[in-house]
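What follows is a set of notes on a single structure, which appears directly below.
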Amino acid sequence: MPSTSINGVTLNYSDTGRGPVVFLVHGFPLNNTMWNAQVDALSSRFRVIAPDLRGFGQSGETGPFSMQTLADDIHALAEQLKTGPFVLGALSMGGYAALAYVRKYPGTLRGLILVDTKAEADNTEGKANRDKMIATVREKGAKATADAMLPKLLPEEAIKSRPKLVADVRNMMERTRPQTIEHALAAMRDRPDQCDLLPSIAPPTLVICGEHDVITPVAVMKGMAEKIPGAGWKVITGAGHMSPMEQAGQVTGAMESFLGGLR
Ligand code: MLT
């Protein structure tokens, strides 16, 4: 997979297919392989670029960062790869970065796909939980984070009955550098609320949510979709927070029909 130097860090990314550009940004504490099914399916008609965010996957080590840093990295990578206007698709933490991106670079997008994410900042309890997780990862490493995250990322039913899916999600988490986990937790804890941005989002938007998502539940995401002018809304049945991996066909299908409808 290619890599390039962006804003002082080496970013690994996949760049597959030809056509209008779709950027896919992963969540926490994951990497770009979470989008494998969508990259395979969409790259027959689109140029699909899926970066490992700084510190994650095969990208280089980094010091502390913010959601704005991640947004700036996406912008710099798109500029370097000469994508022109593109569709930005992002899951969860990737979506937090995507909203920071939309605020700063609104004119560069043809479309926006927000998957299992939200616009609200962490509340007091959420911030305290981030601090606890930071203490855990410092003390016990990435495996402890994976143990804590797995039941939130996947529904109980999937954990019991889909060993390959569980292994794939767990491997991504366990391979993430503890320091990156710490930086990302702090960045999510400190991210600003983006709710005021929603009514001014101009690019066509699709909002996708797994019906059993406990991190960004259907009610929260539906509320977000209703505030974005003209946004499409799709609930993925039989999926939790990791809908693109859990029900890849449904998510890809929703993306394909959204992308097909863009001018
Ligand atoms: C993610 O999936 O990116 C994270 O779980 C989001 C979060 O913890 O807020």
Side-chain angles (χ1 to χ4, degrees), residues 6 11 13-15 20-39 42 46-57 59 65-78 81 83 85-106 108-121 153 172 184 187-188 191-192 194-195 197-198 201-210 213 215-216 220-221 224-225 228 231-234 236 239 241-246 248 251-252 254-255 258-259 262:
I6 293 288
L11 280 200
Y13 61 95
S14 65
D15 187 351
V21 173
V22 181
F23 245 83
L24 295 177
V25 182
H26 64 80
F28 165 86
L30 308 167
N31 60 54
N32 66 358
T33 63
M34 64 148 283
W35 293 112
N36 279 351
Q38 285 72 37
V39 171
L42 298 178
F46 301 94
R47 179 181 176 195
V48 187
I49 299 170
D52 281 335
L53 293 169
R54 58 170 57 221
F56 291 90
S59 286
F65 55 84
S66 65
M67 289 303 130
Q68 191 59 57
T69 318
L70 301 181
D72 291 341
D73 287 348
I74 295 165
H75 182 251
L77 182 60
L81 298 179
T83 63
F86 61 92
V87 175
L88 179 56
L91 178 125
S92 201
M93 181 187 76
Y96 308 157
L99 291 175
Y101 183 99
V102 176
R103 191 181 282 281
K104 186 163 172 188
Y105 308 105
T108 63
L109 293 182
R110 288 181 63 233
L112 179 66
I113 305 175
L114 296 170
V115 188
D116 296 288
T117 191
K118 62 185 170 194
E120 287 85 359
L153 297 184
M172 275 190 276
M188 290 192 286
R191 75 187 191 279
Q194 299 284 13
C195 291
L197 175 75
L198 302 177
I201 292 182
T205 301
L206 171 64
V207 178
I208 296 177
C209 183
D213 189 338
I215 296 179
T216 51
V220 170
M221 288 205 73
M224 176 171 79
I228 302 173
W233 166 241
K234 175 79 184 169
I236 304 300
H241 191 63
M242 295 306 300
S243 63
M245 294 180 72
E246 294 174 63
V251 171
T252 306
M255 287 180 163
F258 172 75
L259 292 166
L262 295 177

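Along the sequence shown, residues are numbered consecutively beginning with 1. Here the structure is a predicted model, which means the values were calculated and not measured.
Not a single donor-acceptor pair under 3.5 Å links the side chain of S243 to the backbone N or O of A239. Side-chain atoms of D52 do not come within 3.5 Å of backbone N or O of N31 as any donor-acceptor pair. In this structure, H26 contributes its side chain and M34 its backbone to no donor-acceptor pair below 3.5 Å. A distance-only check finds a donor-acceptor pair linking the side chain of T108 to the backbone of Y105 [under 3.5 Å]. Looking at S92, its side chain never comes within 3.5 Å of a backbone N or O of G94 through a donor-acceptor pair. In this structure, the side chain of D116 engages the main chain of G210 through a donor-acceptor pair within 3.5 Å. Side-chain atoms of R54 do not come within 3.5 Å of backbone N or O of T69 as any donor-acceptor pair.
In this structure, K234 NZ and I113 CD1 are separated by 13.5 Å, a value rounded to the nearest 0.5 Å. Separating the CD atom in Q38 from the CE atom in M245 is a distance of 9.5 Å, to the nearest 0.5 Å. Interatomic distance, CE of M172 versus CG of L153, reported as 9.0 Å (0.5 Å rounding).
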Test ring-ring contact (aromatic ring centres under 6.0 Å, His included) on F86 and Y101; report intermediate values, then the result.
CA-CA 12 Å; F86 61 92; Y101 183 99; 5.8 Å; yes
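Of the residues listed (L88, T205, I201), the one engaging L109 in a side-chain contact (heavy atoms from CB on, under 4.5 Å) is L88, and it is the only one.
Considering only heavy atoms from C-beta on, Y13 comes within 4.5 Å of L81 through its side chain. A heavy-atom distance below 4.5 Å is found between the side chains of L259 and V22. Using a 4.5 Å heavy-atom cutoff, the side chains of M67 and Q194 are not in contact. In this structure the side chain of I74 reaches within 4.5 angstrom of the side chain of F23, judged on heavy atoms.
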